[in-house]
2 protein chains.
Amino acid sequence: MVTIQVARKKRDSYQHGDLREALVQAGLKLLSEGGVTALSLRAAAQLAGVSHAAPYRHFRDKEALVAAIAERGFRLLTASMREELARIRAADPRARLIALGVGYLRFALESPAYLQVIFGGVMRGDHVPPELGVAGAEAYQTLRDEVAAGIASGQLRRKDVDQVSLACWSMVHGLSTLLINGAIPHPGPAAARAMIEGLLRSLGEGLYTPTK
Amino acid sequence: MVTIQVARKKRDSYQHGDLREALVQAGLKLLSEGGVTALSLRAAAQLAGVSHAAPYRHFRDKEALVAAIAERGFRLLTASMREELARIRAADPRARLIALGVGYLRFALESPAYLQVIFGGVMRGDHVPPELGVAGAEAYQTLRDEVAAGIASGQLRRKDVDQVSLACWSMVHGLSTLLINGAIPHPGPAAARAMIEGLLRSLGEGLYTPTK
DNA sequence: CCTACCGATCGGTAGG
DNA sequence: CCTACCGATCGGTAGG
(Lines give C-alpha, C1' and ligand atoms only; values in the text may rest on other atoms or scores of the structure.)
Protein backbone atom coordinates (compact mmCIF):
# COMPACT_ATOMS: atom_id res chain seq x y z
CA MET A 1 0.00 0.00 0.00
CA VAL A 2 2.69 2.38 0.99
CA THR A 3 4.93 1.46 -1.90
CA ILE A 4 2.06 1.97 -4.31
CA GLN A 5 1.40 5.41 -2.89
CA VAL A 6 5.03 6.37 -3.26
CA ALA A 7 5.08 5.14 -6.81
CA ARG A 8 1.96 7.09 -7.67
CA LYS A 9 3.26 10.19 -6.02
CA LYS A 10 6.41 9.97 -8.06
CA ARG A 11 4.57 9.53 -11.31
CA ASP A 12 2.01 12.20 -10.58
CA SER A 13 4.35 14.95 -9.51
CA TYR A 14 6.01 17.18 -12.09
CA GLN A 15 9.28 15.68 -13.24
CA HIS A 16 11.28 18.86 -13.57
CA GLY A 17 10.45 19.75 -10.03
CA ASP A 18 9.55 23.34 -10.79
CA LEU A 19 6.56 23.67 -13.03
CA ARG A 20 6.15 27.33 -12.28
CA GLU A 21 9.58 28.05 -13.66
CA ALA A 22 8.98 25.80 -16.65
CA LEU A 23 5.79 27.70 -17.45
CA VAL A 24 7.55 31.04 -17.35
CA GLN A 25 10.15 29.73 -19.77
CA ALA A 26 7.47 28.22 -21.99
CA GLY A 27 5.54 31.50 -22.04
CA LEU A 28 8.68 33.30 -23.04
CA LYS A 29 9.33 30.90 -25.86
CA LEU A 30 5.79 31.34 -27.16
CA LEU A 31 6.20 35.09 -27.07
CA SER A 32 9.48 35.17 -28.95
CA GLU A 33 8.32 32.74 -31.59
CA GLY A 34 4.76 33.85 -32.22
CA GLY A 35 4.35 37.27 -30.67
CA VAL A 36 1.88 38.33 -28.04
CA THR A 37 -1.06 36.56 -29.64
CA ALA A 38 0.70 33.22 -29.32
CA LEU A 39 0.91 33.41 -25.55
CA SER A 40 -1.69 31.20 -23.87
CA LEU A 41 -1.80 29.17 -20.71
CA ARG A 42 -2.75 26.09 -22.63
CA ALA A 43 0.12 26.29 -25.07
CA ALA A 44 2.52 26.98 -22.21
CA ALA A 45 1.23 23.90 -20.42
CA GLN A 46 1.74 21.81 -23.51
CA LEU A 47 5.30 23.07 -23.93
CA ALA A 48 5.99 22.21 -20.32
CA GLY A 49 4.58 18.74 -20.84
CA VAL A 50 1.62 18.97 -18.47
CA SER A 51 -2.12 19.10 -18.91
CA HIS A 52 -3.75 22.42 -19.62
CA ALA A 53 -5.29 22.50 -16.18
CA ALA A 54 -1.99 22.19 -14.36
CA PRO A 55 -0.89 25.84 -14.69
CA TYR A 56 -3.79 26.91 -12.50
CA ARG A 57 -2.05 25.35 -9.56
CA HIS A 58 0.67 27.97 -9.92
CA PHE A 59 -1.08 30.92 -11.57
CA ARG A 60 -4.50 32.17 -10.73
CA ASP A 61 -5.09 33.15 -14.36
CA LYS A 62 -3.31 34.10 -17.53
CA GLU A 63 -2.62 37.57 -16.21
CA ALA A 64 -0.66 36.09 -13.33
CA LEU A 65 1.65 34.26 -15.72
CA VAL A 66 2.22 37.44 -17.67
CA ALA A 67 3.04 39.26 -14.45
CA ALA A 68 5.50 36.55 -13.47
CA ILE A 69 7.26 36.85 -16.81
CA ALA A 70 7.39 40.61 -16.48
CA GLU A 71 8.83 40.36 -12.99
CA ARG A 72 11.51 37.99 -14.19
CA GLY A 73 12.21 40.41 -17.01
CA PHE A 74 12.79 43.31 -14.65
CA ARG A 75 15.15 41.25 -12.53
CA LEU A 76 17.18 40.11 -15.53
CA LEU A 77 17.27 43.65 -16.86
CA THR A 78 18.65 44.89 -13.57
CA ALA A 79 21.16 42.06 -13.53
CA SER A 80 22.29 42.84 -17.08
CA MET A 81 22.93 46.48 -16.20
CA ARG A 82 24.82 45.54 -13.06
CA GLU A 83 26.95 43.07 -14.97
CA GLU A 84 28.14 45.82 -17.26
CA LEU A 85 28.83 48.03 -14.29
CA ALA A 86 30.90 45.29 -12.67
CA ARG A 87 32.75 44.67 -15.91
CA ILE A 88 34.09 48.18 -16.33
CA ARG A 89 34.85 48.71 -12.66
CA ALA A 90 35.24 52.41 -13.35
CA ALA A 91 34.26 55.20 -11.04
CA ASP A 92 33.74 57.74 -13.80
CA PRO A 93 30.02 58.54 -13.85
CA ARG A 94 30.00 58.99 -17.61
CA ALA A 95 31.47 55.58 -18.24
CA ARG A 96 29.09 54.07 -15.74
CA LEU A 97 26.05 55.58 -17.42
CA ILE A 98 27.21 54.20 -20.74
CA ALA A 99 27.67 50.81 -19.14
CA LEU A 100 24.09 50.93 -17.94
CA GLY A 101 22.93 51.69 -21.45
CA VAL A 102 24.99 48.86 -22.88
CA GLY A 103 23.54 46.46 -20.32
CA TYR A 104 20.01 47.61 -21.06
CA LEU A 105 20.41 47.27 -24.80
CA ARG A 106 22.19 43.95 -24.55
CA PHE A 107 19.33 42.53 -22.54
CA ALA A 108 16.78 43.98 -24.94
CA LEU A 109 18.44 42.39 -27.95
CA GLU A 110 19.15 39.06 -26.28
CA SER A 111 15.64 38.55 -24.91
CA PRO A 112 13.28 40.92 -26.68
CA ALA A 113 10.26 38.96 -25.51
CA TYR A 114 10.76 40.20 -21.96
CA LEU A 115 10.64 43.83 -22.97
CA GLN A 116 7.63 43.07 -25.10
CA VAL A 117 5.81 41.77 -22.06
CA ILE A 118 6.89 44.60 -19.80
CA PHE A 119 6.36 47.49 -22.17
CA GLY A 120 4.45 46.03 -25.10
CA GLY A 121 0.92 46.46 -23.87
CA VAL A 122 0.42 42.85 -22.82
CA MET A 123 0.29 44.04 -19.25
CA ARG A 124 -3.03 45.73 -18.83
CA GLY A 125 -3.18 48.14 -15.94
CA ASP A 126 -5.59 45.86 -14.10
CA HIS A 127 -3.94 44.81 -10.88
CA VAL A 128 -0.17 44.84 -10.77
CA PRO A 129 1.20 42.41 -8.19
CA PRO A 130 3.45 44.06 -5.59
CA GLU A 131 6.48 41.91 -6.49
CA LEU A 132 6.28 43.23 -10.01
CA GLY A 133 6.24 46.80 -8.78
CA VAL A 134 9.26 46.09 -6.59
CA ALA A 135 11.21 44.55 -9.46
CA GLY A 136 10.44 47.54 -11.67
CA ALA A 137 11.41 50.02 -9.02
CA GLU A 138 14.68 48.18 -8.49
CA ALA A 139 15.56 48.48 -12.17
CA TYR A 140 14.84 52.19 -12.13
CA GLN A 141 16.76 52.68 -8.90
CA THR A 142 19.83 51.12 -10.48
CA LEU A 143 19.84 53.93 -13.02
CA ARG A 144 18.85 56.60 -10.56
CA ASP A 145 21.72 55.78 -8.20
CA GLU A 146 24.30 56.28 -10.92
CA VAL A 147 22.72 59.54 -12.02
CA ALA A 148 22.70 60.77 -8.43
CA ALA A 149 26.39 59.92 -8.14
CA GLY A 150 27.09 61.81 -11.34
CA ILE A 151 25.32 64.87 -10.04
CA ALA A 152 27.12 64.63 -6.71
CA SER A 153 30.47 64.44 -8.47
CA GLY A 154 29.65 67.56 -10.44
CA GLN A 155 29.97 65.90 -13.81
CA LEU A 156 26.27 66.27 -14.62
CA ARG A 157 25.13 69.83 -14.97
CA ARG A 158 21.40 69.40 -14.23
CA LYS A 159 20.39 68.78 -10.67
CA ASP A 160 17.02 67.09 -11.02
CA VAL A 161 17.90 63.43 -10.57
CA ASP A 162 14.64 62.10 -11.97
CA GLN A 163 14.66 64.42 -14.94
CA VAL A 164 18.15 63.35 -15.93
CA SER A 165 17.35 59.70 -15.26
CA LEU A 166 14.29 59.99 -17.47
CA ALA A 167 16.36 61.48 -20.27
CA CYS A 168 18.78 58.54 -20.17
CA TRP A 169 16.04 55.99 -19.77
CA SER A 170 13.96 57.39 -22.62
CA MET A 171 16.85 57.40 -25.03
CA VAL A 172 18.10 53.92 -24.23
CA HIS A 173 14.63 52.46 -24.04
CA GLY A 174 13.60 54.17 -27.24
CA LEU A 175 16.55 52.81 -29.16
CA SER A 176 15.93 49.36 -27.73
CA THR A 177 12.30 49.22 -28.79
CA LEU A 178 13.03 50.65 -32.23
CA LEU A 179 15.61 47.92 -32.75
CA ILE A 180 13.41 45.16 -31.38
CA ASN A 181 10.51 46.08 -33.61
CA GLY A 182 12.62 46.24 -36.71
CA ALA A 183 12.13 49.96 -37.28
CA ILE A 184 15.92 50.08 -37.56
CA PRO A 185 17.99 47.31 -39.12
CA HIS A 186 19.35 44.95 -36.51
CA PRO A 187 23.00 45.48 -35.70
CA GLY A 188 25.29 42.82 -34.36
CA PRO A 189 26.37 42.96 -30.70
CA ALA A 190 29.42 45.05 -31.47
CA ALA A 191 27.52 47.50 -33.67
CA ALA A 192 24.79 47.74 -31.05
CA ARG A 193 27.38 48.71 -28.48
CA ALA A 194 28.78 51.40 -30.75
CA MET A 195 25.27 52.62 -31.42
CA ILE A 196 24.31 53.13 -27.81
CA GLU A 197 27.68 54.67 -27.02
CA GLY A 198 27.22 57.15 -29.84
CA LEU A 199 23.75 58.11 -28.73
CA LEU A 200 24.69 58.51 -25.10
CA ARG A 201 27.70 60.59 -26.04
CA SER A 202 25.38 62.82 -28.04
CA LEU A 203 23.14 63.11 -25.01
CA GLY A 204 26.10 63.87 -22.77
CA GLU A 205 27.78 66.45 -24.94
CA GLY A 206 24.64 67.87 -26.46
CA LEU A 207 23.49 68.20 -30.03
CA TYR A 208 23.72 71.96 -30.20
CA THR A 209 26.77 73.80 -31.33
CA PRO A 210 28.16 75.54 -28.20
CA THR A 211 27.49 79.27 -28.29
CA LYS A 212 31.12 80.16 -28.17
CA MET B 1 -37.83 44.26 -61.32
CA VAL B 2 -35.45 47.15 -61.63
CA THR B 3 -36.82 48.89 -58.57
CA ILE B 4 -36.50 45.71 -56.61
CA GLN B 5 -32.88 45.36 -57.64
CA VAL B 6 -32.19 48.92 -56.64
CA ALA B 7 -33.88 48.39 -53.32
CA ARG B 8 -31.92 45.23 -52.69
CA LYS B 9 -28.70 46.83 -53.67
CA LYS B 10 -29.37 49.63 -51.24
CA ARG B 11 -30.18 47.29 -48.40
CA ASP B 12 -27.35 44.91 -49.08
CA SER B 13 -24.60 47.43 -49.47
CA TYR B 14 -22.83 48.80 -46.45
CA GLN B 15 -24.67 51.82 -45.11
CA HIS B 16 -21.67 53.92 -44.15
CA GLY B 17 -20.35 53.56 -47.62
CA ASP B 18 -16.85 52.72 -46.56
CA LEU B 19 -16.59 49.46 -44.71
CA ARG B 20 -12.86 49.34 -45.02
CA GLU B 21 -12.55 52.58 -43.13
CA ALA B 22 -15.11 51.47 -40.56
CA LEU B 23 -13.12 48.31 -39.93
CA VAL B 24 -9.93 50.25 -39.35
CA GLN B 25 -11.73 52.41 -36.81
CA ALA B 26 -13.29 49.37 -35.18
CA GLY B 27 -9.93 47.64 -34.93
CA LEU B 28 -8.50 50.71 -33.32
CA LYS B 29 -11.27 50.82 -30.77
CA LEU B 30 -10.74 47.18 -29.89
CA LEU B 31 -7.05 47.79 -29.43
CA SER B 32 -7.45 50.78 -27.15
CA GLU B 33 -10.11 49.13 -25.03
CA GLY B 34 -8.85 45.60 -24.73
CA GLY B 35 -5.24 45.57 -25.82
CA VAL B 36 -3.67 43.57 -28.58
CA THR B 37 -5.40 40.34 -27.63
CA ALA B 38 -8.80 41.95 -28.17
CA LEU B 39 -8.15 42.68 -31.82
CA SER B 40 -9.92 40.23 -34.11
CA LEU B 41 -11.51 40.45 -37.52
CA ARG B 42 -14.76 39.08 -36.18
CA ALA B 43 -15.05 41.57 -33.36
CA ALA B 44 -14.20 44.38 -35.76
CA ALA B 45 -16.91 43.20 -38.11
CA GLN B 46 -19.42 43.15 -35.28
CA LEU B 47 -18.48 46.67 -34.25
CA ALA B 48 -18.91 47.81 -37.82
CA GLY B 49 -22.29 46.15 -37.94
CA VAL B 50 -21.58 43.57 -40.61
CA SER B 51 -21.23 39.82 -40.67
CA HIS B 52 -17.92 38.30 -39.74
CA ALA B 53 -17.30 37.25 -43.31
CA ALA B 54 -17.61 40.76 -44.71
CA PRO B 55 -14.12 41.98 -43.75
CA TYR B 56 -12.57 39.48 -46.12
CA ARG B 57 -13.88 41.52 -49.00
CA HIS B 58 -11.52 44.30 -47.93
CA PHE B 59 -8.69 42.52 -46.15
CA ARG B 60 -7.08 39.31 -47.22
CA ASP B 61 -6.54 38.29 -43.63
CA LYS B 62 -6.12 39.66 -40.15
CA GLU B 63 -2.58 40.71 -40.88
CA ALA B 64 -3.81 42.96 -43.66
CA LEU B 65 -6.09 44.81 -41.26
CA VAL B 66 -3.24 45.30 -38.84
CA ALA B 67 -1.08 46.65 -41.65
CA ALA B 68 -3.83 49.07 -42.68
CA ILE B 69 -4.10 50.36 -39.13
CA ALA B 70 -0.34 50.76 -38.93
CA GLU B 71 -0.24 52.65 -42.21
CA ARG B 72 -2.95 54.98 -41.00
CA GLY B 73 -0.96 55.44 -37.80
CA PHE B 74 2.16 56.50 -39.66
CA ARG B 75 0.19 59.02 -41.70
CA LEU B 76 -1.45 60.53 -38.66
CA LEU B 77 1.87 60.63 -36.87
CA THR B 78 3.41 62.53 -39.73
CA ALA B 79 0.43 64.86 -39.83
CA SER B 80 0.66 65.52 -36.11
CA MET B 81 4.31 66.48 -36.37
CA ARG B 82 3.66 68.74 -39.33
CA GLU B 83 0.80 70.44 -37.54
CA GLU B 84 3.12 71.45 -34.75
CA LEU B 85 5.64 72.69 -37.27
CA ALA B 86 2.98 74.79 -38.96
CA ARG B 87 1.80 76.13 -35.63
CA ILE B 88 5.12 77.59 -34.57
CA ARG B 89 6.07 78.89 -38.00
CA ALA B 90 9.61 79.43 -36.75
CA ALA B 91 12.74 78.92 -38.75
CA ASP B 92 14.92 78.19 -35.76
CA PRO B 93 15.98 74.56 -36.08
CA ARG B 94 15.94 74.03 -32.34
CA ALA B 95 12.38 75.21 -32.01
CA ARG B 96 11.38 73.08 -34.96
CA LEU B 97 12.92 69.94 -33.51
CA ILE B 98 11.05 70.54 -30.30
CA ALA B 99 7.85 71.04 -32.27
CA LEU B 100 8.40 67.65 -33.90
CA GLY B 101 8.80 66.07 -30.49
CA VAL B 102 5.64 67.75 -29.22
CA GLY B 103 3.71 66.52 -32.24
CA TYR B 104 5.03 63.00 -31.82
CA LEU B 105 4.19 62.85 -28.14
CA ARG B 106 0.80 64.43 -28.61
CA PHE B 107 -0.13 61.83 -31.16
CA ALA B 108 1.19 59.05 -28.93
CA LEU B 109 -0.90 60.19 -25.97
CA GLU B 110 -4.02 60.92 -27.97
CA SER B 111 -4.09 57.62 -29.85
CA PRO B 112 -1.79 55.18 -28.09
CA ALA B 113 -3.33 52.24 -29.92
CA TYR B 114 -1.70 53.30 -33.16
CA LEU B 115 1.77 53.25 -31.68
CA GLN B 116 0.97 49.94 -30.09
CA VAL B 117 0.22 48.48 -33.48
CA ILE B 118 3.22 50.02 -35.16
CA PHE B 119 5.81 49.33 -32.50
CA GLY B 120 4.15 46.95 -30.08
CA GLY B 121 5.00 43.67 -31.67
CA VAL B 122 1.61 43.10 -33.26
CA MET B 123 3.23 43.53 -36.62
CA ARG B 124 5.20 40.39 -37.24
CA GLY B 125 7.97 40.79 -39.75
CA ASP B 126 6.13 38.51 -42.22
CA HIS B 127 5.39 40.55 -45.29
CA VAL B 128 5.15 44.30 -44.92
CA PRO B 129 2.97 45.88 -47.63
CA PRO B 130 4.78 48.55 -49.63
CA GLU B 131 2.30 51.29 -48.67
CA LEU B 132 3.18 50.69 -45.05
CA GLY B 133 6.86 51.04 -45.78
CA VAL B 134 6.23 54.27 -47.63
CA ALA B 135 4.18 55.73 -44.79
CA GLY B 136 6.88 54.83 -42.30
CA ALA B 137 9.62 56.30 -44.42
CA GLU B 138 7.63 59.50 -44.77
CA ALA B 139 7.38 59.89 -41.01
CA TYR B 140 11.10 59.40 -40.62
CA GLN B 141 11.86 61.78 -43.47
CA THR B 142 9.88 64.50 -41.75
CA LEU B 143 12.32 64.32 -38.87
CA ARG B 144 15.37 63.84 -41.02
CA ASP B 145 14.64 66.95 -43.09
CA GLU B 146 14.58 69.16 -40.02
CA VAL B 147 17.79 67.65 -38.69
CA ALA B 148 19.47 68.20 -42.04
CA ALA B 149 18.37 71.84 -41.98
CA GLY B 150 19.76 72.20 -38.48
CA ILE B 151 23.11 70.82 -39.54
CA ALA B 152 23.18 73.05 -42.61
CA SER B 153 22.49 76.10 -40.49
CA GLY B 154 25.38 75.20 -38.23
CA GLN B 155 23.26 74.93 -35.11
CA LEU B 156 23.82 71.22 -34.75
CA ARG B 157 27.39 70.22 -34.05
CA ARG B 158 27.35 66.64 -35.31
CA LYS B 159 27.28 66.07 -39.03
CA ASP B 160 25.83 62.60 -39.33
CA VAL B 161 22.19 63.30 -40.18
CA ASP B 162 20.96 59.82 -39.41
CA GLN B 163 22.85 59.55 -36.19
CA VAL B 164 21.39 62.82 -34.92
CA SER B 165 17.94 61.90 -36.17
CA LEU B 166 18.17 58.59 -34.37
CA ALA B 167 19.10 60.33 -31.15
CA CYS B 168 16.04 62.56 -31.33
CA TRP B 169 13.78 59.77 -32.42
CA SER B 170 14.96 57.38 -29.72
CA MET B 171 14.43 59.91 -26.97
CA VAL B 172 11.00 61.05 -28.07
CA HIS B 173 9.85 57.55 -28.91
CA GLY B 174 11.21 56.19 -25.65
CA LEU B 175 9.38 58.77 -23.58
CA SER B 176 6.21 58.14 -25.56
CA THR B 177 6.21 54.40 -24.99
CA LEU B 178 7.13 54.72 -21.33
CA LEU B 179 4.16 57.04 -20.86
CA ILE B 180 1.79 54.89 -22.87
CA ASN B 181 2.62 51.77 -20.94
CA GLY B 182 2.22 53.45 -17.59
CA ALA B 183 5.85 53.10 -16.60
CA ILE B 184 5.66 56.80 -15.82
CA PRO B 185 2.56 58.47 -14.36
CA HIS B 186 0.45 60.04 -17.09
CA PRO B 187 0.80 63.78 -17.35
CA GLY B 188 -1.85 66.09 -18.74
CA PRO B 189 -1.32 67.64 -22.17
CA ALA B 190 0.42 70.68 -20.72
CA ALA B 191 2.70 68.65 -18.47
CA ALA B 192 3.50 66.34 -21.36
CA ARG B 193 4.57 69.30 -23.42
CA ALA B 194 6.82 70.53 -20.63
CA MET B 195 8.23 67.04 -20.26
CA ILE B 196 9.28 66.63 -23.86
CA GLU B 197 10.63 70.16 -23.99
CA GLY B 198 12.75 69.47 -20.94
CA LEU B 199 14.12 66.24 -22.35
CA LEU B 200 14.91 67.71 -25.73
CA ARG B 201 16.60 70.68 -24.12
CA SER B 202 18.74 68.25 -22.16
CA LEU B 203 19.60 66.48 -25.38
CA GLY B 204 20.38 69.74 -27.09
CA GLU B 205 22.52 71.26 -24.40
CA GLY B 206 23.98 68.03 -23.09
CA LEU B 207 23.93 66.43 -19.70
CA TYR B 208 27.60 66.85 -18.97
CA THR B 209 29.06 69.82 -17.21
CA PRO B 210 31.10 71.72 -19.82
CA THR B 211 34.81 71.17 -19.33
CA LYS B 212 35.94 74.62 -18.30
C1' DC C 1 -1.38 17.04 -11.50
C1' DC C 2 -5.07 14.59 -14.61
C1' DT C 3 -9.36 13.77 -17.52
C1' DA C 4 -13.44 15.58 -19.03
C1' DC C 5 -16.24 19.10 -19.84
C1' DC C 6 -18.29 24.09 -20.37
C1' DG C 7 -19.31 28.16 -23.33
C1' DA C 8 -17.08 31.32 -26.21
C1' DT C 9 -14.24 32.94 -29.79
C1' DC C 10 -11.19 32.62 -33.37
C1' DG C 11 -9.51 32.66 -38.68
C1' DG C 12 -11.07 31.21 -42.72
C1' DT C 13 -14.01 29.08 -46.55
C1' DA C 14 -18.25 27.53 -49.34
C1' DG C 15 -21.84 28.98 -51.71
C1' DG C 16 -24.96 32.06 -52.81
C1' DC D 1 -22.37 41.45 -48.12
C1' DC D 2 -24.93 37.26 -45.87
C1' DT D 3 -25.80 32.58 -43.66
C1' DA D 4 -23.91 28.42 -42.47
C1' DC D 5 -20.32 25.73 -41.58
C1' DC D 6 -15.31 23.90 -40.65
C1' DG D 7 -11.57 22.71 -37.32
C1' DA D 8 -8.97 24.68 -33.78
C1' DT D 9 -8.02 27.09 -29.65
C1' DC D 10 -9.03 29.62 -25.79
C1' DG D 11 -9.80 30.55 -20.35
C1' DG D 12 -11.63 28.41 -16.79
C1' DT D 13 -14.02 24.85 -13.67
C1' DA D 14 -15.62 20.21 -11.69
C1' DG D 15 -14.23 16.45 -9.58
C1' DG D 16 -11.08 13.40 -8.40
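If you're wondering where the values come from, they're calculated on a predicted model, not measured in any experiment. The chains referred to below are lettered A, B, ... by the order of the sequence lines, with proteins before strands, and numbering in each begins at 1.
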Pick out the pairs of N or O atoms, protein on one side and nucleotides 12-16 of chain C on the other, that lie under 3.5 Å.
{"residue": "dG12(C)", "atom": "OP2", "partner": "Lys62(B)", "partner atom": "N", "Å": "3.2"}
{"residue": "dG12(C)", "atom": "O6", "partner": "Arg42(B)", "partner atom": "NH1", "Å": "3.2"}
{"residue": "dG12(C)", "atom": "O6", "partner": "His52(B)", "partner atom": "NE2", "Å": "2.9"}

Open item on the list: Reading 5' to 3' and counting Watson-Crick or G-U wobble pairs with both distances under 3.5 Å, write the dot-bracket notation for DNA chain C, | for bases paired outside the strand.
Closed with: ||||||||||||||||
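- Taking Glu21(B) as the reference, Gln25(B), Arg72(B) meet the side-chain hydrogen bond (donor to acceptor under 3.5 Å, both in side chains) condition, with sequence neighbours excluded.
- Dashed line: the shortest gap from a side-chain N or O of Ser40(A) to OP1 or OP2 of dC10(D) is under 4.0 Å.
- Legend: salt bridge (charged side-chain N to carboxylate O under 4.0 Å, His left out) pairs involving residues 101-117 of chain A, not counting sequence neighbours, sorted by first then second residue: Glu83(A)-Arg106(A), Glu84(A)-Arg106(A), Arg106(A)-Glu110(A).
- Shown here are the salt bridge (charged side-chain N to carboxylate O under 4.0 Å, His left out) partners of Asp160(B), two or more places apart in sequence or in another chain: there are none.
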TODO: Before giving the answer on side chain to side chain donor-acceptor pair (under 3.5 Å), spell out for Tyr140(B) and Trp169(B) the whole-Å C-alpha distance, their side-chain angles and the decisive distance to 0.1 Å.
DONE: CA-CA 9 Å; Tyr140(B) 179 69; Trp169(B) 188 13; over 6 Å; no
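- Remark: the backbone N or O of Ala64(B) is paired with a side-chain donor or acceptor of Asp61(B) at under 3.5 angstrom.
- The interatomic distance linking Phe59(B) (CZ) with dC10(C) (P) rounds to 17 Å, in whole Å.
- Not a single donor-acceptor pair under 3.5 Å links the side chain of Ser170(A) to the backbone N or O of Ala167(A).
- Using a 3.5 Å distance cut-off with no hydrogens or angles, the side chains of Arg42(B) and His52(B) do pair a donor with an acceptor.
- Taking atom CG of Leu30(A) as the reference point, atom C1' of dC10(D) lies 13 Å away to the nearest angstrom.
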Which pairs of donor and acceptor atoms, one on a side chain in residues 178-190 of chain B, lie under 3.5 Å apart (sequence neighbours left out)?
{"residue": "Asn181(B)", "atom": "OD1", "partner": "Gly121(A)", "partner atom": "N", "Å": "3.4"}
{"residue": "Asn181(B)", "atom": "ND2", "partner": "Phe119(A)", "partner atom": "O", "Å": "2.5"}
{"residue": "Asn181(B)", "atom": "ND2", "partner": "Thr177(B)", "partner atom": "O", "Å": "2.8"}
{"residue": "His186(B)", "atom": "ND1", "partner": "Leu179(B)", "partner atom": "O", "Å": "3.3"}

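- The nearest whole Å value for the distance from the CD atom in Gln46(A) to the C1' atom in dA8(D) is 12 Å.
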